[in-house]
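Each remark here refers to the structure printed beneath this line.
Atoms within a ligand are numbered from 1 in the order they appear, just like the ligands themselves. Along the sequence shown, the residues carry numbers beginning at 1.
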Amino acid sequence: MKISEINTVTKHLESYGIRPSVQRIAIMSYLLANRTHPTVDEIYSSLLPTMPTLSRTTVYNTVKYLVERGACLHIGIDEQSARYDGYPHAHSHFQCKECKKVFDLPAAPVALEQFEGLDAFEVHTVSLYFKGICPECITKQAEV
Ligand SMILES: [Zn+2]
Ligand SMILES: [Zn+2]
């Protein structure tokens with residue numbers, strides 16, 4: 001990792017009140033660079049070659065902590081495995097049933113007033129999950 005990159009990620013973590021450690025910097029930096037909504041396993045296997053002492057448990061605990069501090073989002077779209085997103089701002093997700101990729105969509109233009117029974121509640125976050133087939137897989141299917 002370049003020094004400038006380490007500095008940027010350190011500042012980023014600090015802005016969420018997170019004390020930067022080598023693992024936290026590496027994992028946060030991975031999440032910022034890879035907007036693919038990786039699983040703990042994906043983060044672990046990508047970082048392992050450069051961080052041989054890293055354990056899967058450390059990755060798991062670190063992302064859990066990043067989520068608690070608001071630096072990262074837990075995405076529950078995939079029943080098989082939790083995914084993580086280093087872009088913790090309101091946006092929606094689409095998962096393709098064929099290639100399993102999770103795509104970012106801009107925040108859904110939903111009017112909360114449209115949801116019956118919600119008036120008495122104070123809404124903090126809205127997660128919208130769409131499932132179906134992505135354009136790439138639609139093209140592939142058409143070619144068969
Ligand atoms: Zn697809
Ligand atoms: Zn996302």
Side-chain angles (χ1 to χ4, degrees), residues 1-51 54-118 121-144:
M1 246 168 123
K2 283 196 218 105
I3 299 285
S4 60
E5 193 190 345
I6 293 175
N7 286 340
T8 308
V9 179
T10 299
K11 281 208 190 82
H12 183 81
L13 288 173
E14 282 169 350
S15 72
Y16 287 95
I18 299 167
R19 201 172 43 83
S21 66
V22 175
Q23 286 91 347
R24 286 173 185 171
I25 292 172
I27 292 166
M28 188 73 243
S29 156
Y30 182 82
L31 284 168
L32 289 172
N34 297 276
R35 296 283 302 278
T36 53
H37 311 88
T39 62
V40 163
D41 274 349
E42 282 164 12
I43 302 171
Y44 172 72
S45 28
S46 309
L47 293 180
L48 195 61
T50 48
M51 299 184 82
L54 191 70
S55 74
R56 204 177 252 107
T57 311
T58 305
V59 176
Y60 177 80
N61 290 334
T62 304
V63 289
K64 202 168 153 243
Y65 182 68
L66 295 176
V67 171
E68 277 167 24
R69 304 297 309 192
C72 149
L73 284 182
H74 167 267
I75 310 293
I77 194 170
D78 191 333
E79 296 92 351
Q80 255 93 61
S81 43
R83 289 164 169 274
Y84 296 91
D85 191 337
Y87 183 73
H89 306 287
H91 64 284
S92 306
H93 293 97
F94 184 104
Q95 184 173 40
C96 175
K97 288 179 174 169
E98 295 296 322
C99 63
K100 308 288 180 212
K101 275 187 204 152
V102 176
F103 300 85
D104 279 330
L105 300 170
V110 255
L112 290 180
E113 304 82 60
Q114 287 173 353
F115 287 83
E116 247 173 78
L118 202 59
F121 297 87
E122 184 186 305
V123 177
H124 287 177
T125 54
V126 181
S127 314
L128 267 188
Y129 296 147
F130 298 88
K131 291 198 180 195
I133 303 173
C134 76
E136 208 177 299
C137 289
I138 292 174
T139 311
K140 264 189 223 152
Q141 285 177 349
E143 282 165 2
V144 175

(message) Check this for me: Phe103, atom CZ, are more than 12 non-hydrogen atoms of other residues, nucleotides or ligands nearer than 6.0 Å?
(response) yes

(request) Would you list the protein N, O or S atoms within less than 2.8 Å of the Zn ion (ligand 2), leaving out water? (result) His37 NE2, Asp85 OD2, His91 NE2, His93 NE2, Asp104 OD1

Taking [Y]'s backbone N and O only, do any of them form a donor-acceptor pair with [X]'s side chain (distance below 3.5 Å, no angle check)?
{"X": "Tyr84", "Y": "Leu31", "value": "no"}
{"X": "Asn34", "Y": "Thr36", "value": "no"}
{"X": "Gln141", "Y": "Ile138", "value": "no"}

(message) Would you say that Val22 contacts Met51 through its side chain, given a criterion of any heavy-atom pair below 4.5 Å between the two side chains?
(response) yes

(request) Could you tell me the angle subtended at the Zn ion (ligand 1) by SG of Cys96 and SG of Cys137, rounded to 10°? (result) 110°

(request) For the residue pair His93 and Asp85, confirm or rule out a side-chain donor-acceptor distance under 3.5 Å. (result) yes

